[in-house]
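Every value quoted in this text rests on a predicted model; they were computed, and no experiment measured them. The chains referred to below are lettered A, B, ... by the order of the sequence lines, with proteins before strands, and numbering in each begins at 1.
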Amino acid sequence: MRLSAYFMPTLKETPAEAEIVSHRLMLRAGMVRQASAGIYSWLPLGLRVLKKIERIVREEQDRAGAQEVLMPTIQSADLWRQSGRYDAYGPEMLRIADRHGRDMLYGPTNEELITEIFRTSVKSYRELPRMLYHIQWKFRDEVRPRFGVMRGREFLMKDNYSFDLDYEGAKKSYNKMFVSYLRTFARLGLQAVPMAADTGPIGGDLSHEFIILADTGESEVFCHRDFLDFDVLGAEVDYEADLEPVVQAWTRLYARTDDKHDPAVFEREVPADKRVQRRGIEVGHIFYFGTKYSEPLKAQVATPGGESVAVHMGSYGIGVSRLVGAVIEASHDKDGIIWPEAVAPFKVGLINLKIAAPDCNKAGEEIYAKLQEAGVEVLYDDRDERPGAKFAGMDLIGLPWQLVIGPRGLDKGVVELKRRAGGEREELSLEAALARLTG
RNA sequence: CGGGGAGUAGCUCAGCCUGGUAGAGCACCGUCUUCGGGAGGCGGGGGUCGGAGGUUCGAUUCCUCUCUCCCCGACCA
């Protein structure tokens with residue numbers, strides 16, 4: 001993409017409304033614009049990141065055996081009355097009436113709808129287990145939206161729902177998602193730690209929040225240092241195998257958010273040199289809720305013995321749009337964003353320092369064409385701007401690599417390759433630089 | 001929802017106290033000089049001063065109501 005033709009309205013100054021760093025940087029980098037409180041428009045650069053995150057989430061859901069569906073944003077109130085949540089949900093749910101005066105709502109979540117879909121089509125234990133997910137916009141009318149896309153009212157969320165015959169089966173589904181989440185966040189370049197979460201009236205130990213560590217996170221978290229060294233992506237996962245040992249390994253060590261933190265236990269279970277106290281952001285939540293919805297909504301299947309039982313369900317959420325902000329919170333410096341390669345909107349920012357110089361242009365066009373041929377996502381700054389503005393802009397949007405073509409280097413037959421994270425620069429021949437970026 | 005703050009140019013903000021018909025920097029357009037880390041000169045365009053009502057000869061400025069946004073707290077992917 002040529003920057004001269006790209007819609008990327010960057011800001012030199014920080015809009016007054018933005019408090020936290022990810023919000024500031026997303027506005028400044030031209031990724032989003034606020035439409036109203038907690039509701040955002042996604043501009044090209046931001047949308048590219050959102051789509052990349054979405055794709056990784058999708059790939060890992062599929063890999064774990066879940067199947068994608070797409071449910072609507074607008075739902076009828078009837079189902080919610082059946083589950084009892086229409087009244088229970090409160091003002092956080094956006095309620096709408098259609099032209100006929102029917103009560104509708106903008107879905108804050110989809111348990112009711114997916115259960116309805118399931119119950120009308122699945123009648124036998126033979127068709128279990130099933131995991132169905134979708135990635136869809138949700139709306140929760142937060143009293144006080146804040147932190148940009150991290151805590152918006154409208155947000156993109158992946159929610160998966162599992163259906164099993166009994167608790168044992170549900171636990172297997174739960175474990176699949178547990179492992180899937182570890183892989184998902186690792187692929188996004190994040191350190192995520194599963195922390196025991198409140199299971200509410202259901203009880204049991206099948207609820208975890210996945211917290212990523214970021215210095216600007218909204219809550220204090222405490223965990224064992226070994227979490228940070230686990231190699232998640234090292235081995236392929238066999239989702240049909242028994243995942244319990246993996247889950248055990250990840251839940252044995254201490255990891256709690258501040259509201260569950262117990263200093264006495266922390267100090268007893270974790271050696272002093274292994275204690276990690278950091279800030280964290282919740283980006284995922286997995287939850288087993290048994291027959292909470294299948295009973296009122298009558299999602300029943302026949303058992304091998306012929307009796308009808310309510311299915312055991314779980315739900316598994318990942319805040320996809322929140323992750324865009326969360327990645328920035330976890331990865332930035334004073335100059336701007338530092339994208340992990342997996343979610344970067346482009347891999348390379350190609351900077352032509354001097355548009356007016358024929359040799360710079362020739363080299364720039366050549367590299368741009370070759371990178372594109374090689375399938376490398378490249379943003380070519382071909383604007384007639386001063387070098388300082390180009391450097392600052394490229395640092396701000398945080399592409400992993402910057403390739404700088406300037407008269408000074410070309411005289412020596414070299415271009416400059418800079419890694420955004422760390423800032424190391426290297427002078428290379430044009431060919432060597434290309435080989436580096438396409439290799 | 002309780003408490004606090006803010007709405008003036010695309011962005012950051014001044015002016016309001018003490019009423020007289022709106023400014024700066026950045027951004028934008030033209031031009032000259034510059035050209036390896038958000039340059040400088042000159043010239044220019046751009047504002048229902050959030051909205052409604054009131055007081056006044058006259059309101060961005062004073063009063064009332066209202067809308068929106070932000071921050072702190074209680075709640076959440």
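As judged by a 4.0 angstrom heavy-atom cut-off over every strand, A:Q34 is placed among residues touching the sugar-phosphate backbone only. Heavy atoms of A:G317 sit nowhere under 4.0 angstrom from any nucleic acid atom. A:R425 comes within 4.0 angstrom of a nucleotide base, judged by non-hydrogen atoms across all strands. Among the heavy atoms of the strands lying under 4.0 Å from A:R28 is at least one base atom, whether or not backbone atoms are also near. Within the nucleic acid shown, A:E13 comes within 4.0 Å of at least one base atom, counting heavy atoms only. Counting non-hydrogen atoms under 4.0 angstrom, A:T109 reaches nothing in the nucleic acid. Within 4.0 Å (heavy atoms only), A:S36 reaches sugar-phosphate atoms of the nucleic acid but no base atom. As judged by a 4.0 angstrom heavy-atom cut-off over every strand, A:V283 is placed among residues touching the sugar-phosphate backbone only. In this structure, A:G152 reaches the bases: a heavy-atom distance under 4.0 Å links it to at least one base atom across the strands shown. Among the heavy atoms of the strands lying under 4.0 Å from A:E416 is at least one base atom, whether or not backbone atoms are also near.
For the C1' atoms, the distance linking B:G47 with B:G10 amounts to 12 Å, nearest Å. Taking the P atoms as reference points, B:U60 lies 24 Å from B:G25, given to the whole Å. B:G40 and B:G3 have their P atoms separated by 47 Å, given to the nearest Å. Going from the P atom of B:A59 to that of B:G20 covers 11 Å, rounded to whole Å. Rounded to whole Å, the C1' atom of B:G19 lies 15 Å from the corresponding atom of B:G54. Comparing the C1' positions of B:C49 and B:A39 gives a spacing of 33 Å, expressed to the nearest Å. Between B:A27 and B:C69, the two C1' atoms lie 23 Å apart (nearest whole Å). Taking atom C1' on both B:G30 and B:G45, the two are 11 Å apart, rounded to the nearest angstrom.
Under the ring-ring contact (aromatic ring centres under 6.0 Å, His included) criterion, A:Y133 pairs with no residue at all, not counting sequence neighbours. With sequence neighbours left out, the ring-ring contact (aromatic ring centres under 6.0 Å, His included) criterion links A:Y161 to no other residue.
Within the structure, the ring pair (Phe, Tyr, Trp, His ring centres under 6.0 Å) test picks out the following pairs touching residues 316-349 of chain A (sequence neighbours left out): A:Y6-A:F346. Among residue pairs with one or both ends in residues 52-98 of chain A, those qualifying as ring pair (Phe, Tyr, Trp, His ring centres under 6.0 Å) are A:W80-A:Y89; sequence neighbours excluded. Screening residues 341-355 of chain A for salt bridge (Lys or Arg N to Asp or Glu O under 4.0 Å), with sequence neighbours left out, gives A:E341-A:K347.
Contact footprint of chain A on RNA chain B: nucleotides with an atom under 4.0 Å from a non-hydrogen protein atom, first to last in 5' to 3' order, B:C1 to B:A77.
Under the Watson-Crick and G-U wobble criteria, each requiring two contacts below 3.5 Å, nucleotide B:G47 is left unpaired.
Counting heavy atoms from C-beta on, the side chains of A:R146 and A:H23 never come closer than 4.5 Å.
Salt bridge A:D103/A:R81: present, at least one basic N to carboxylate O contact under 4.0 Å.
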